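One structure is given below, encoded as structure tokens.
Note that the structure is predicted; figures quoted are calculated from it, not measured. For ligands, and for the atoms within them, numbers begin at 1 and follow the listed sequence.
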Amino acid sequence: MFAVHLLAFYFAKLKEDQIKKVDRFLYHMRLSDDTLLDIMTRFQAEMEKGLGKDTNPTACVKMLPTFVRAIPDGSEKGEFLALDLGGSKFRVLTVQVSEDGKRNVHMESQFYPTPKEIIHGSGSELFDYVADCAADFMKTRNIEHKKLPLGLTFSFPCKQSKLEEGILLSWTKKFKVRGVQDTNVVSSLTKALKRHKDIDVDVLALVNDTVATMMTCAYDDPRCEVGVIIGTGTNACYMEDMSNIDMVEGDEGRMCINTEWGAFGEDGSLEDIRTEFDREIDLGSINPGKQLFEKMISGLYMGELVRLILLKMTKAGLLFRGEKSSALYTKGKIETRHVAAMEKYKEGLQNTREILMELGLEPSEEDCLAVQHVCTIVSFRSANLCAAALAAILTRLQENKKLTRLRTTVGMDGTLYKIHPQYPKRLHKVVRKLVPNCDVRFLLSESGSAKGAAMVTAVAARVQAQRKLIDEVLSLFQLTPEHLVNVKNKMRAEMEYGLKKETQPLATVKMLPTYVCAMPDGTEKGNYLALDLGGTNFRVLLVKIRSGRRSVRMYNKIFAIPLEIMQGMGEELFDHIVHCIADFLDYMGIKGASRLPLGFTFSFPCKQTGLDKGTLVEWTKGFKATDCEGEDVVDMLREAIKRRNEFELDIVAVVNDTVGTMMTCGYEDPDCEIGLIAGTGSNMCYMEEMKNIELVEGNEGKMCINTEWGGFGDNGCLDEIRTQYDTEVDEGSLNPGKQRYEKMTSGMYLGEIVRQILIDLTKHGLLFRGQISERLRTRGIFETKFLSQIESDGLALLQVRRILQQLGLDSTCEDSIVVKEVCGAVSRRAAQLCGAGLAAIVEKRREDRNLEHLKITVGVDGTLYKLHPHFSRILRETVKELAPQCDVTFMLSEDGSGKGAALITAVAKRLHLKKDN
Ligand code: BG6
Ligand code: BG6
Ligand code: GLC
Ligand code: GLC
């Protein structure tokens with residue numbers, strides 16, 4: 001009994017002595033808690049530096065955005081091909097993700113060797129080899145006919161600007177393949193795969209092994225938001241808030257960051273803890289000066305670190321009685337698996353003896369104890385360093401979430417972590433000590449990176465399918481040049497119908513005579529009242545025209561017309577108008593003035609039999625007051641004035657806004673013979689030869705025709721290009737079946753078309769998380785001004801999002817991109833259609849006048865034309881393309897239609913006076 005105790009005592013003493021000896025020798029490798037806390041703080045600063053736009057270029061920890069924005073949500077499905085390159089083994093796999101929501105994953109895999117010639121050869125050889133292996137794998141499994149999306153786990157630092165891209169920043173670990181650095185790995189692989197004509201795979205995602213590990217673990221534990229590899233190399237990724245990632249646009253949600261922590265220390269920041277052994281390892285590596293943190297930690301270097309230490313201790317006579325073996329001098333003779341074996345709990349000492357003997361050494365009991373302790377110090381330091389960096393990440397997560405206690409899961413993988421008997425326990429313990437406020441669960445990724453890569457690919461495949469659907473919808477709005485020529489020709493034909501007595505009743509473009517025959521000649525003068533009803537604003541104006549100067553002075557006031565009046569009783573509408581006139585006269589102090597002449601801009605289709613006679617054909621846009629259609633609006637206004645009995649007015653003219661606009665512009669540019677409105681509604685007027693106007697007697701001179709082209713297409717002639725969304729907008733409007741061209745081209749409806757598309761996309765789960773909000777159901781939310789803002793150039797997505805939020809639409813950045821695209825497609829089509837219509841009229845004018853070339857000015861007004869960032873340009877481009885023989889100048893009407901109405905009134909007064917004299 002005593003002998004046993006004595007032996008135990010002797011052995012304990014022996015061990016203690018050896019431990020002390022090694023501890024003394026490797027003093028520098030033992031890191032105190034304070035040092036670890038210090039390293040943790042340094043790594044926190046490194047992360048910050050890597051994330052900042054300005055500081056990133058000089059940061060050694062690159063903090064690479066991965067474009068993985070979410071962990072799996074269980075809805076992933078499909079069959080995928082996965083390649084897993086860069087760890088200790090190269091694998092090709094198929095991953096089948098269940099479709100029944102049970103989180104079932106079935107994998108089949110095969111390892112392929114990565115011979116030295118390949119990992120130290122040329123890029124094309126590497127990718128050809130990888131593609132060959134993939135093809136071989138598919139053929140041996142008889143799945144070469146399947147079109148499979150491929151996820152590539154590529155465990156090297158890559159810069160990504162999207163998921164399916166990876167620019168290799170540098171090789172690390174054992175790889176050093178020529179001509180790959182700074183190139184896109186995905187396109188190289190794609191090219192190599194394309195050579196195999198018999199297989200059809202599409203590389204949808206490139207992921208780092210850390211990311212894949214996080215995703216693998218997150219599939220089973222949704223709390224997983226960190227992935228750590230401690231294998232051949234070491235690295236970690238985690239989910240960072242987008243608002244902290246300067247390098248990627250957008251603030252919404254999170255994105256996984258591949259830290260590439262292996263590079264920590266490259267700027268010298270770890271020199272105080274690096275030892276002579278670390279320096280020696282680095283110098284002998286294929287990438288000296290690089291991956292300094294990795295070289296103190298990971299499996300590729302650990303055995304070698306132990307060897308260098310043993311060699312030095314032996315040389316110092318501290319081991320093996322100073323007797324070296326040639327194996328001890330040979331690089332790579334001690335591997336990480338040896339270190340792991342030597343540290344095994346029970347058989348460790350025996351393993352140590354055997355391993356040392358295999359190295360040609362003759363170890364004593366003391367030697368074995370000492371060597372075992374060397375291994376412990378080296379592997380413990382590795383775990384400590386990993387723990388410090390991981391603790392920094394966890395702290396960051398906790399701070400991002402502003403939590404006093406963080407509960408989270410870390411996905412783990414890598415041979416060192418998996419095969420080393422003590423490593424996981426030590427790592428966990430130190431992490432918990434360094435971040436006492438985190439409840440960390442460490443989850444080992446049992447199935448490797450491929451599963452996670454498949455998850456990422458599944459999400460990418462879903463996004464791709466969604467993109468396809470979105471593109472399909474948007475393509476409905478793309479018009480070919482043939483479409484546009486067709487529209488132009490049909491518009492032209494409808495105009496001709498409208499001018500002919502016989503066909504006019506059935507024509508959709510009504511071509512209404514306006515009885516405006518003369519342009520102002522500059523001699524007009526006097527004070528005129530004008531009303532301007534039917535656009536965005538209702539105005540009353542006083543226009544003072546001074547003769548000879550071609551300049552006017554205007555005073556105006558904007559009045560609101562409540563919806564219940566716009567769509568109420570006709571009499572009330574006119575009473576309201578007169579009430580506003582009264583208010584304006586009071587405001588101007590001219591109520592007593594005798595019978596001021598008045599021009600009435602009334603922006604609706606009117607059948608006129610004289611300048612001051614206009615029967616409303618039908619309401620358009622947002623008006624629907626009763627008992628007006630078929631009535632003379634001038635009479636209605638006169639009666640309302642009479643009813644009020646406060647003042648008298650001389651109503652001289654009723655003028656469409658297009659005509660008012662043409663006049664406003666014509667006052668300055670006599671070439672202006674066309675008036676165009678692209679606003680709430682859409683319409684155009686132009687000067688026509690009297691001889692072509694069959695509805696009005698006389699063949700001399702010209703008269704302005706209000707085309708009312710908004711009704712174009714009401715006979716179905718545009719059905720080929722109308723979409724389901726146009727139909728929906730039409731059906732929900734005040735005048736179903738009417739004004740179909742207007743409904744595709746004007747401000748009042750474009751937003752509605754957009755809204756219908758958004759509803760449809762949302763229904764298909766492609767927007768707003770599939771939730772159709774009350775706001776989205778609300779008619780009219782997308783006013784022209786919002787469309788214009790959303791489409792503004794250079795507007796950051798964030799701003800688009802803000803506009804959408806203002807509209808009550810809670811959108812993500814991805815949503816905002818889609819919304820902007822939808823707006824763009826809809827407004828572009830509008831501008832093109834409007835351009836095709838305008839091309840029809842300028843061509844007609846050119847042909848009517850038998851001219852080779854026509855120079856003509858178009859006076860334009862309307863909120864869409866004025867506010868939208870692209871509408872006017874696309875309109876002009878289209879006209880140019882469709883009417884190349886016409887030189888069309890667009891002149892923006894600065895003063896609105898009211899001025900034109902006053903001018904028409906003034907001209908009428910002048911002509912009237914002439915007649916009277
Ligand atoms: C594995 C992955 O599970 O972990 C690899 O599938 C990855 O691709 C690896 O690189 C990391 O470990 P090691 O030890 O093989 O480098
Ligand atoms: C304005 C006119 O300038 O243009 C309006 O004065 C007209 O009366 C308008 O209807 C067209 O634009 P919107 O966008 O207001 O309908
Ligand atoms: C190296 C690579 C890194 C990888 C890690 C683990 O550090 O640079 O991308 O994640 O090894 O395999
Ligand atoms: C509607 C009206 C038309 C007007 C146009 C622009 O199309 O019917 O008269 O010119 O809107 O305001």
Worksheet item: Backbone, side chain, both or neither: what part of Thr234 comes under 4.0 angstrom of ligand 3, heavy atoms only?
Response: backbone
Worksheet, complete the sentence: Nearest non-hydrogen protein atom to atom 12 (O) of ligand 3, with distance, is Asp209 OD2, 2.5 Å
Discussion item. Using a 4.0 Å cutoff against the non-hydrogen atoms of Gly896, which atoms of ligand 2 qualify?
Written reply: 3 (O), 6 (O)
Response to the item:
Under 4.0 Å between heavy atoms, the region of Thr863 that gets near ligand 2 turns out to be both
Practice prompt. Look only at interatomic distance and state if Arg539 has a nitrogen or oxygen under 3.5 Å from any nitrogen or oxygen of ligand 2.
Written response: no
Worksheet item: Does the ring of Tyr219 carry Lys451 above it, NZ/CZ under 6.0 angstrom from centre and within 45° of its axis?
Response: no
Worksheet item: Looking just at side-chain N and O atoms, do Tyr238 and Thr210 make a donor-acceptor pair shorter than 3.5 Å?
Response: no
Practice prompt. Is it possible for you to check whether Lys89 lies under 6.0 Å from the centre of the six-membered ring of Phe111, through NZ or CZ, and within 45° of that ring's axis?
Written response: yes
Worksheet entry | Donor + acceptor pair across side chains of Lys785, Thr863 (<3.5 Å) | no
Fill in: ligand 2 atoms in contact with Thr680 (distance to a heavy atom under 4.0 Å)
13 (P), 14 (O), 15 (O), 16 (O)
Fill in: Step-by-step salt bridge (Lys or Arg N to Asp or Glu O under 4.0 Å) determination, Arg274 to Asp278
CA-CA 6 Å; Arg274 286 179 75 225; Asp278 297 308; 5.4 Å; no
Discussion item. Apply salt bridge (Lys or Arg N to Asp or Glu O under 4.0 Å) to residues Lys738 and Glu708 and explain how you reach the verdict.
Written reply: CA-CA 12 Å; Lys738 303 280 172 65; Glu708 285 294 329; over 6 Å; no
Discussion item. Show me which atoms of ligand 3 lie under 4.0 Å from any heavy atom of Gln291.
Written reply: 7 (O), 8 (O)
Worksheet item: Can you tell me if Ser603 has a non-hydrogen atom under 4.0 Å from ligand 2?
Response: yes
Worksheet item: What closest approach, in Å, do Phe90 and Val92 show between heavy atoms, and which atom pair accounts for it?
Response: CZ-CG2, 4.0 Å
Worksheet item: If we ignore angles and hydrogens, is there a donor and acceptor under 3.5 Å between the side chains of Asn735 and Lys743?
Response: yes
Worksheet item: Can you say whether the rings of Trp171 and Phe175 are parallel (under 30°), tilted (30 to 60°) or perpendicular (over 60°)?
Response: parallel
Worksheet item: What is the ring orientation for Phe293 with Phe43, classed by angle as parallel under 30°, tilted 30 to 60°, or perpendicular over 60°?
Response: parallel
Worksheet item: Near Asn235, which atoms of ligand 3 are under 4.0 Å from a heavy atom of that residue?
Response: 3 (C), 4 (C), 5 (C), 9 (O), 10 (O)
Worksheet item: Does any donor atom in the side chain of Ser603 or Asp657 lie under 3.5 Å from an acceptor atom in the other side chain?
Response: yes
Worksheet entry | ligand 2 contact by Ile677, heavy-atom criterion under 4.0 angstrom | yes
Discussion item. Show the atoms of ligand 3 that are less than 4.0 angstrom away from any heavy atom in Thr172.
Written reply: 1 (C), 2 (C), 8 (O)
Discussion item. Polar contacts were defined as any N/O atom of the residue lying under 3.5 Å from an N/O atom of the ligand; does this apply to Ser897 and ligand 2?
Written reply: yes
Discussion item. Does either side chain, that of Asn258 or that of Asn235, offer a donor lying less than 3.5 Å from an acceptor on the other one?
Written reply: yes
Worksheet, complete the sentence: the protein heavy atom lying closest to atom 7 (O) of ligand 3 turns out to be Glu294 OE2, 2.4 Å
Worksheet item: Applying a heavy-atom distance cut-off of 4.0 Å, which protein residues contact ligand 1?
Response: Asp84, Gly87, Ser88, Ser155, Asp209, Ile229, Gly231, Thr232, Asp413, Gly414, Thr415, Gly448, Ser449
Worksheet entry | Partners passing side chain to side chain contact (heavy atoms under 4.5 Å, CB included) against Asn184 (at least two apart in sequence or in another chain) | Glu165, Ile167, Val186, Ser187
Discussion item. Check for me whether Pro157 has a heavy atom closer than 4.0 Å to any atom of ligand 3.
Written reply: yes
Practice prompt. Tell me yes or no: between the side chains of His868 and Glu791, is some donor less than 3.5 Å from an acceptor?
Written response: yes
Worksheet item: Got an N/O contact under 3.5 Å between Asp657 and ligand 2?
Response: yes
Worksheet entry | Per-atom contacts of ligand 3 with Ile229, taking only distances under 4.0 Å to non-hydrogen atoms | 6 (C), 12 (O)
Worksheet item: Would you call Arg337 and Glu343 a salt bridge, using N to O less than 4.0 angstrom?
Response: no
Worksheet item: Would you say Thr536 and ligand 2 have an N/O pair spaced under 3.5 Å apart?
Response: yes
Practice prompt. Would you please determine whether Gly262 falls within less than 4.0 Å of ligand 3 on a heavy-atom basis?
Written response: no
Fill in: atom 3 (C) of ligand 3 [closest protein heavy-atom partner, distance rounded to 0.1 Å]
Glu260 OE2, 3.2 Å
